[in-house]
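Encoded as structure tokens, here's the structure I'll be asking about.
Here is the naming used below: chain letters follow the sequence lines, and residue numbers restart at 1 for every chain. These numbers come from the heavy atoms of this one structure, side chains and all, not from hydrogens, waters or symmetry mates.
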2 protein chains.
Amino acid sequence: MTKAIKKFRKYIDEKNLQITRQRMDIAEVFLQSGRHLSVDELYELLKEREISAGRATVFRTLKLLNESGVAGEVDLGEKTRRYEVKFGNTHHDHLVCTGCGRYIEVYSGQIEEMQEKLCAEHGFKPSSHRLDIFGLCRSCGIEKKKKGYR
Amino acid sequence: MTKAIKKFRKYIDEKNLQITRQRMDIAEVFLQSGRHLSVDELYELLKEREISAGRATVFRTLKLLNESGVAGEVDLGEKTRRYEVKFGNTHHDHLVCTGCGRYIEVYSGQIEEMQEKLCAEHGFKPSSHRLDIFGLCRSCGIEKKKKGYR
DNA sequence: ATGCATGCAAAACGTTTGCATGTCT
DNA sequence: AGACATGCAAACGTTTTGCATGCAT
């Protein structure tokens, strides 16, 4: 956790921005949560912990965390933007359960390789990618069977 | 094209909805365009062709086209939602060029297979997925080199 | 004739921004 | 002191909705 904070501080420094109470608080709560948070969820989480920060500041800080590479944007097709901890986390894809809304983070070196190949075939220089698989997780799959859905 | 329209009509019928001039016009222009259209782009396209339809109706009809399986939502990380023709189009992934905004539709049976395997390993039942690779297309890659960017 | 569809304008979202005030350096 | 950050509320762009009217069945 501390390493990520350090990286954030460093980024702020390099950009000649200021280290403020809000930025540090927001970063810390975000990093501790370990979830894919929407701006509003983080804002509420801060309120619960009686840390005052305006919505706008949370937006602005998450943007900063994203730029610094500490956070990454996740877009699971919802209306809302989400952020996940990127620092110290290797790249991964998502298995998103449409039953319970939870997700599993997965990784396959082979898939990554195939993607490289695919890009090469098209003279395309990849810089990032996103693979989300939607469906039912183990427990939701069993649920549905039990209840006789579908 | 006609087959897709038929499927749409059938869907409307089954749902006991009504076949209206707007719905048919919107569906036709959408299917003919063959592009990933945003609601607004389609709305404008309709205006150009002097077909009158309110924005709200275009929204509602695209939602319907999506439900019917004729259209599919595409989310390339923009603020705006886009739709693509799904009917008669096999599943594909996207290579999205961050230089010119264009995209290439690609497909790899091997990647699909690996995804299946990945899901199986996690007891996950996939129903759909989305793979978007962002980067520079051939011509934008060359452009950048020429201009000495980066 | 009935009920669903349309179109407008208003509301509802998530997000961004302008500006006066407060804080870091 | 000076510059930058904050917080509020207003502005924004996209999508949704309420409601009177119009059209399909």
Let me check something: any side-chain donor-acceptor pairs from residues 52-61 of chain B under 3.5 Å, sequence neighbours excluded? List them with distances.
from	atom 1	to	atom 2	distance (Å)
B:Arg55	NE	B:Asp40	OD1	3.0
B:Arg55	NH2	B:Asp40	OD2	3.2
B:Thr61	OG1	B:Thr57	O	2.8

**Request:** Under 4.0 Å from any atom of DNA chain C, heavy atoms only: list the residues of residues 8-27 of chain A that qualify, in numerical order.
**Result:**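 Within residues 8-27 of chain A, the residues near DNA chain C are A:Gln18, A:Ile19.
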
**Item:** All side chain to side chain donor-acceptor pair (under 3.5 Å) counterparts of B:His91, not counting sequence neighbours
**Value:**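 For B:His91, the residues satisfying side chain to side chain donor-acceptor pair (under 3.5 Å) (neighbours in sequence not counted) are B:Asp93, B:Glu112, B:His129.
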
**Request:** List the atom of B:Val85, the atom of B:Asn89, and the distance in Å for their closest heavy-atom pair.
**Result:**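 Between these two residues, the closest heavy atoms are O-ND2, 3.1 Å.
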
**Item:** salt bridge (Lys or Arg N to Asp or Glu O under 4.0 Å) pairs, two or more places apart, involving residues 10-20 of chain A
**Value:**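 Not a single pair qualifies under salt bridge (Lys or Arg N to Asp or Glu O under 4.0 Å).
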
Short heteroatom pairs, N/O only, protein and nucleotides 9-19 of chain C, under 3.5 Å:
from	atom 1	to	atom 2	distance (Å)
C:dT15	OP1	A:Arg81	N	3.1

Can you give the donor-acceptor pairs under 3.5 Å from side chains of residues 100-109 of chain B to other protein atoms, not counting sequence neighbours?
from	atom 1	to	atom 2	distance (Å)
B:Tyr103	OH	B:His36	N	3.4
B:Tyr103	OH	B:His36	ND1	2.3
B:Glu105	OE2	B:His92	NE2	3.3
B:Ser108	OG	B:Gln110	N	3.4
B:Ser108	OG	B:Ile111	N	3.0

**Prompt:** Could you state the CD-C1' distance from A:Glu78 to D:dT14, rounded to the nearest angstrom?
**Reply:**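 Atom-to-atom, A:Glu78 to D:dT14, this comes out as 17 Å.
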
**Prompt:** Rounded to the Å, how far apart are A:Ile51 CD1 and D:dG7 P?
**Reply:**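 Spelled out: CD1 on A:Ile51 to P on D:dG7 is 12 Å.
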
**Asked** Among all residues two or more places apart in sequence or in another chain, which pass the side chain to side chain donor-acceptor pair (under 3.5 Å) test with A:Gln18?
**Response**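 A:Gln18: no side chain to side chain donor-acceptor pair (under 3.5 Å) contacts found.
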
**Item:** side chain to side chain donor-acceptor pair (under 3.5 Å) involving A:Arg35 - partner list, sequence neighbours excluded
**Value:**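 Counting only residues at least two positions away or on another chain, A:Arg35 forms no side chain to side chain donor-acceptor pair (under 3.5 Å).
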
**Message:** Test of understanding: with side chain to side chain donor-acceptor pair (under 3.5 Å), list the residues that count as partners of B:Glu44, not counting sequence neighbours.
**Reply:**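 Per chain and number, B:Glu44 pairs via side chain to side chain donor-acceptor pair (under 3.5 Å) with no residue.
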
**Asked** Using rotation axes that map the C1' atoms of four end pairs onto the next four (five pairs an end), what angle separates the end axes of the helix from C:dA1-D:dT25 to C:dT25-D:dA1, to 10°?
**Response**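 Here the helix ends are tilted 30° relative to one another.
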
**Selection residues 126-135 of chain A - residue pairs positive for salt bridge (Lys or Arg N to Asp or Glu O under 4.0 Å), sequence neighbours left out** =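 Checked against salt bridge (Lys or Arg N to Asp or Glu O under 4.0 Å) - neighbours excluded - the pairs reaching residues 126-135 of chain A are A:Asp75-A:Arg130, A:Arg130-B:Asp132, A:Asp132-B:Arg130.
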
**Prompt:** To the nearest Å, how far apart are B:Leu65 CG and C:dA5 P?
**Reply:**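 Checked: the CG to P distance equals 14 Å.
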
**Prompt:** Taking only residues two or more places apart in sequence or in another chain, which ones pass salt bridge (Lys or Arg N to Asp or Glu O under 4.0 Å) with B:Glu41?
**Reply:**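 If we apply the salt bridge (Lys or Arg N to Asp or Glu O under 4.0 Å) test to B:Glu41, skipping adjacent residues, the hits are B:Arg82.
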
